[in-house]
Number of protein chains: 2
Amino acid sequence: MTHDNDGSPDLTRGMRLLWRAENGARRGPKPALDLDRIVQAAIEIADADGLMGLSMRKVADRLGVGTMSLYTYVPAKAELVSLMLDAVDAEGVLPHTVEGSWRAKTESWAREDWRLYHRHEWTLHASGRHPLGPNTMRRFDSALRSLAGTGLPEAEIVAVADVIDTYIRGMARRSVEMRDREQRTGVSEAQWWAEHGPMLDEYLAGDAFPAVREVRAAGAFESDLDSFEYGLQRILDGVEGRIEAAG
Amino acid sequence: MTHDNDGSPDLTRGMRLLWRAENGARRGPKPALDLDRIVQAAIEIADADGLMGLSMRKVADRLGVGTMSLYTYVPAKAELVSLMLDAVDAEGVLPHTVEGSWRAKTESWAREDWRLYHRHEWTLHASGRHPLGPNTMRRFDSALRSLAGTGLPEAEIVAVADVIDTYIRGMARRSVEMRDREQRTGVSEAQWWAEHGPMLDEYLAGDAFPAVREVRAAGAFESDLDSFEYGLQRILDGVEGRIEAAG
DNA sequence: CCCCAACTCAGTACGGTGTACGAAGTGAAG
DNA sequence: CTTCACTTCGTACACCGTACTGAGTTGGGG
């Protein structure tokens, strides 16, 4: 409903904010806040209370301003979340600076992302496709550089980065959900199985689920195999095959 | 806050609902609804409006009852979503019935899940860890059976299923987000690039992002490579390596 | 210098959410 | 018939994002 100067819908406003390319205000009172302070406060709240616990009222309260004041800096909550996501990507080591083979670099990148997702769980609950900000871009570029010397076609390099990133996100989501549930309900994974296991075994009692029965009997659900690491290695194995074929 | 008959928190209520193991009511008026009708109505709403568009009021309206009546059948919205997820898993072909190698069966399962996620997008926005219902269990069992004859240790079989499932979820999420954005904003992927591309290129102009510049110049972002299929094949390549080593 | 346009700040209000609570009606068991 | 477990549902509460509006502030053009 808001109309801007040239009549076109403001598709690029979000990106201009991310790259801090807003043309500075000319007139009017000095702003009491700036974007970075707002983003910082919002990240602190999201770290503590999750993305659901993040509200514009809370951000404003923490900064000691009225709720609606935030809307002079940020057009909507979605744009704020974009800014938060990009800010988080400023943390962490850039993978292409790591010593070693493409595989060592890529592993480093994957594990770094894994840690970032665990440090800022709320990033997992934000939708994946956001306008690219400078920090996200820098991490993406660094990841691509890890694969640049492999002889893989450019389209495959992008696909590999895409696939690994998606995989990490998915596994991290699973992991933090498990961790959250434990500390929210106070019921550990072991306790959950102790509570639900017998009921589950009752339902499994027939011959409707033979394979599940078998792996459960073999103790596969209590295995200490690290699924994240296992899957990462399988993906890299597959990529290695392509690199050998291409080289 | 609600206390139940024996004082223990009702941890198993959700699972009893899923497996339809509620002890039938004895006294009182005949229920006007049943669980399946509620779940069905909720799925229809979620298919149309997404999980965000699903509200208890809407479900009740569709069924012509008062909102709070639903709470005699379902303790909370979270449990309703669990029931919806399990109901969806009743659709689709069970992979172990497919002809062919373990790889053919697993591919079939992966693509079937991919389709299911696209048919019911809202399943992607529900948290991953839910109490296991009978239909989910049946699909899980079938997936495990696809890998049962490979000689892989049980713990690895579970890990492979876990990894592939997580991968599919992640890629499907990305895919439907893209599709949604297109039809919600009316801006196609190509239009988005036409709009944002030049601005992006401007930010990329320095030498800060050499790898991104390179792959963009090579047209890797417009490539018609199917990322989902590419990543799936890489994972299966990796698993094949383990199977050969184990066999 | 002065004034007013441009800008910041914020109070109120709206339409939405999940669900706790309690009253009223129903029908099978004792 | 009485009792009371059970179903139904209106109301209420505490939130949410943000549209709208008006008041206060200040820098640049005349």
Side-chain angles (χ1 to χ4, degrees), chain A residues 1-5 10 13-14 17 22-35 37-38 41-42 45-46 49-84 122 125-127, chain B residues 1-6 9-10 13-14 17 22-35 37-38 41-42 45-46 49-84 122 125-127:
Chain A
M1 206 47 66
T2 63
H3 57 87
D4 40 50
N5 20 17
D10 206 350
R13 172 82 193 279
L17 279 172
E22 289 280 72
N23 34 5
R26 301 274 164 272
R27 315 268 200 89
K30 296 249 167 73
L33 265 41
D34 63 275
L35 217 45
R37 289 227 300 143
I38 294 174
I45 292 170
D49 303 341
L51 210 58
M52 277 306 183
L54 176 72
S55 76
M56 299 304 267
R57 284 169 174 82
K58 279 195 204 170
V59 177
D61 284 354
R62 172 173 286 245
L63 294 168
V65 299
T67 308
M68 293 315 291
S69 303
L70 300 177
Y71 285 88
T72 49
Y73 300 89
V74 158
K77 193 189 181 186
E79 274 74 11
L80 176 56
V81 173
S82 287
L83 287 161
M84 292 164 64
W122 51 269
H125 301 299
S127 99
Chain B
M1 205 50 62
T2 61
H3 58 85
D4 41 54
N5 20 18
D6 63 352
D10 206 350
R13 172 84 192 278
L17 279 171
E22 290 280 74
N23 35 4
R26 301 274 165 271
R27 312 265 203 89
K30 296 247 167 74
L33 266 42
D34 63 277
L35 217 43
R37 290 226 301 141
I38 294 174
I45 291 170
D49 303 342
L51 209 57
M52 277 306 183
L54 176 72
S55 74
M56 300 303 266
R57 283 169 176 82
K58 279 196 202 168
V59 176
D61 283 355
R62 172 172 287 245
L63 293 168
V65 300
T67 308
M68 293 314 292
S69 303
L70 300 178
Y71 284 88
T72 47
Y73 299 90
V74 157
K77 193 189 180 186
E79 274 75 9
L80 175 57
V81 173
S82 286
L83 287 161
M84 293 164 64
W122 50 270
H125 301 300
S127 99

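Residue numbers start from 1 in every chain, and the chains themselves are labelled A, B, ... in the order their sequence lines are given, proteins ahead of strands.
Across the protein-nucleic acid pair, B/M52 atom CE and C/dG18 atom P stand 10 Å apart, rounded to whole Å. Spacing between atom CG of B/D34 and atom C1' of D/dT7 amounts to 14 Å, rounded to whole angstrom units. Residue B/R37 contributes atom CZ, which lies 11 Å from atom P of D/dT8 at whole-angstrom precision. The distance between atom CG of A/L33 and atom P of C/dC7, rounded to the nearest whole Å, is 18 Å. Counting to the nearest Å, the C1' atom of C/dT17 and the CG atom of B/L54 are 12 Å from each other. For the pair B/K77 NZ and C/dA20 P, the computed distance is 14 Å after rounding to whole Å. What separates CD1 of B/I38 from P of D/dC9 is a distance of 11 Å, to the nearest Å. Atom CD1 of B/I45 and atom P of C/dT17 are 11 Å apart (whole Å).
Nearest nucleotide to the B/P31 side chain, out of D/dT7, D/dG17, C/dT19: D/dT7. Taking only side-chain atoms of B/R57, from C-beta outward, the nucleotide of C/dT8, D/dA12, C/dA13 with the closest atom is D/dA12. When each of C/dT17, C/dT19, C/dG27 is scored by its nearest atom to the side-chain atoms of B/A76, the top-ranked nucleotide is C/dT19.
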Between the protein and nucleotides 2-5 of chain C, list every N/O to N/O distance that falls short of 3.5 Å.
unit_1 : atom_1 : unit_2 : atom_2 : d
C/dA5  : N3     : A/R27  : NH1    : 3.2

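Within 4.0 Å (heavy atoms only), A/A32 reaches sugar-phosphate atoms of the nucleic acid but no base atom. Within the nucleic acid shown, A/S55 comes within 4.0 Å of sugar-phosphate atoms alone, with no base atom in reach, counting heavy atoms only.
When all heavy atoms of B/A32 and B/R37 are compared, the closest pair comes out as O-NH2, 4.1 Å. Summarising the geometry of A/A60 relative to A/L70, their closest heavy-atom pair is N-CD1, 3.8 Å, with the distance given to 0.1 Å. A/R62 and A/A41 make their closest contact through CD-CB, 3.7 Å (heavy atoms, listed as atom of the first residue, atom of the second, distance). Considering all non-hydrogen atoms of both residues, B/Y73 and B/P31 come closest at OH-CB, 3.4 Å.
Side-chain N/O atoms of A/K30 include one lying less than 4.0 angstrom from OP1 or OP2 on D/dG27.
Summary of the strand contacts: B/G53 and A/P29 both lie near DNA chain C, and taking for each the nucleotide with the nearest heavy atom, the more 5' one is attributed to A/P29.
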Donor-acceptor list for residues 49-56 of chain B side chains, cut-off 3.5 Å, not counting sequence neighbours:
unit_1 : atom_1 : unit_2 : atom_2 : d
B/D49  : OD2    : B/K58  : NZ     : 3.3
B/S55  : OG     : B/K58  : N      : 3.2

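Annotation: the span from B/M84 atom CE to B/E79 atom CD amounts to 13.0 Å, rounded to 0.5 Å. Rounding to the nearest 0.5 angstrom, the gap separating the CG atom in A/L83 from the CD1 atom in A/I38 is 9.0 Å.
Residues A/L17 and A/P75 have side chains in contact (heavy-atom distance under 4.5 Å, counting atoms from C-beta outward).
Looking at residues 64-71 of chain B, you'll see B/T67, B/M68, B/Y71 sit with a heavy atom under 4.0 Å from some atom of DNA chain C.
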